[in-house]
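Both ligands and their constituent atoms are indexed starting at 1 by order of listing. Starting from 1, each residue takes its place in the sequence as its number.
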Amino acid sequence: MTQRLVIATHNKGKLVEMGDLLAPYGFACVSAGELGLPEPEETATTFVGNAELKAEAAMQGSNLPSLADDSGIVVEALDGAPGIYSARWAEIDGKRDFGHAMKRVHEELGANANRRAYFISALSFAEPGKPIRSFEGRVHGTLVWPPRGSRGFGYDPMFLPDGYTETFGEMEPLAKHAISHRAIAFMKLVEGMGWKVTPGAVPAMTLLMKEPR
Ligand code: IMP
């Protein structure tokens, strides 16, 4: 039996990615966007705070279990910036440009020798009538300049994870997914919720591809 679950996002890419991760556990995912739910303003000051307010709003609006994520990059020598403003640092003339965001990080670091940073992902799961649960994943590394690689997204090309010689922008996507902050948070979620793989579950991508266009 599958359980309907709302992914608190209006981003189709995130829906497919989360849907694929969740499908083995017997969840059929629908996005907050598809349900016409409004996007709440991310007014919290922490990643978990923002993930919780998105999950809570989707659960209230749909009366279904809802999952939300919030992520970003935290740079030690910049007192944690860009942090929850990681996406906003890329905004220029109403568009997102991560070349611009990476350059800003590089310029603000200046001659500072401390290049330590981590990516963080917070996942919050809200179910009607139950306390909200949140899980956090981090991957630590150093920042390089100039950026390397054209894979991934966001700040990937300037992030060298500890113990590797390739940046997230150079790595095979599957290699990144295996060690990423999102993967760690997701594993903690599955473990924390006690979810078990459902025999015969179909990956969400397959379901999407079968839908008439
Ligand atoms: P949000 O979670 O959709 O608010 O996005 C957070 C922002 O953090 C993204 O737009 C990216 O800039 C950055 N970010 C989060 N995860 C990653 C990652 O895995 N690689 C590169 N950038 C990331």
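- For D162 and R116, the salt-bridge test passes: some basic side-chain N is under 4.0 Å from an acidic carboxylate O.
- Using a distance-only test at 3.5 Å, with no hydrogens or angles considered, a donor-acceptor pair links the side chain of E170 to the main chain of T167.
- Residue, atom and distance of the protein heavy atom nearest to atom 17 (C) of ligand 1 are F153 CZ, 3.4 Å.
- For atom 20 (N) of ligand 1, the closest non-hydrogen atom of the protein is D156 OD1, 2.6 Å.
- Ring geometry for F159 against F168 counts as tilted: the plane angle lies between 30° and 60°, on a 0 to 90° scale.
- A salt bridge does not link E136 with K188: every distance from a Lys NZ or Arg NE/NH1/NH2 to an Asp or Glu carboxylate oxygen is 4.0 Å or more.
- Of all the heavy atoms of F168, none lies under 4.0 Å from any atom of ligand 1, so neither backbone nor side chain is involved.
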- Query: How far apart are the C-alpha atoms of W145 and K103, what are their side-chain angles, what is the distance that settles it, and do they pass the side-chain contact (heavy atoms from CB on, under 4.5 Å) test?
  - Reply: CA-CA 9 Å; W145 198 261; K103 193 153 174 268; 4.2 Å; yes
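- Between R182 and ligand 1, a contact under 3.5 Å exists for at least one N or O pair.
- Among protein heavy atoms, the minimum distance from atom 1 (P) of ligand 1 is reached at K14 NZ, 3.7 Å.
- When atom types are taken as modelled, the side chain of S66 and the backbone of M59 share a donor-acceptor pair closer than 3.5 angstrom.
- For the atom pair CG (D20) and CG (L15), the distance works out to 9.5 Å, reported to the nearest 0.5 Å.
- Proximity to S86 (heavy-atom distance under 4.0 Å) selects the following atoms of ligand 1: 7 (C), 8 (O).
- Regarding atom 6 (C) of ligand 1, its nearest protein heavy-atom neighbour is S71 O, 2.9 Å.
- Here's the thing with D69: none of its N/O atoms is less than 3.5 angstrom from an N/O atom of ligand 1.
- For the ligand labelled ligand 1, residue I73 lies outside the 4.0 Å heavy-atom shell.
- Remark: E127 CD to N63 CG distance equals 11.5 Å, nearest 0.5 Å.
- Near K176, meaning under 4.0 Å from any of its heavy atoms, are these atoms of ligand 1: 18 (C), 19 (O), 20 (N).
- Nearest protein heavy-atom neighbour of atom 23 (C) of ligand 1: F119 CE2, 3.4 Å.
- Counting all heavy atoms, side chain and backbone alike, K54 lies closest to D70 at NZ-OD1, 3.1 Å.
- Looking only at heavy atoms of the protein, atom 10 (O) of ligand 1 is closest to F98 CZ, 3.5 Å.
- Checked by atom type and distance alone, the side chain of Y155 never pairs as donor or acceptor with a backbone atom of V105 at under 3.5 Å.
- Atom numbering of ligand 1 starts at 1 in the shown order; those under 4.0 Å from a heavy atom of G154 are 21 (C), 22 (N).
- The protein non-hydrogen atom at the shortest distance from atom 16 (N) of ligand 1 is H181 NE2, 3.1 Å.
- The shortest contact between atom 4 (O) of ligand 1 and any protein heavy atom is with D70 OD1, 3.5 Å.
- Nearest heavy atom pair, residue F47 against residue G83, reads CZ-C, 3.3 Å.
- If you number the atoms of ligand 1 from 1 as listed, the ones under 4.0 Å from a heavy atom of G72 come out as 8 (O), 15 (C).
- For W89, the closest heavy-atom approach to ligand 1 does not fall below 4.0 Å.
- Listed by atom number, the atoms of ligand 1 under 4.0 Å from A87 heavy atoms are 7 (C), 10 (O).
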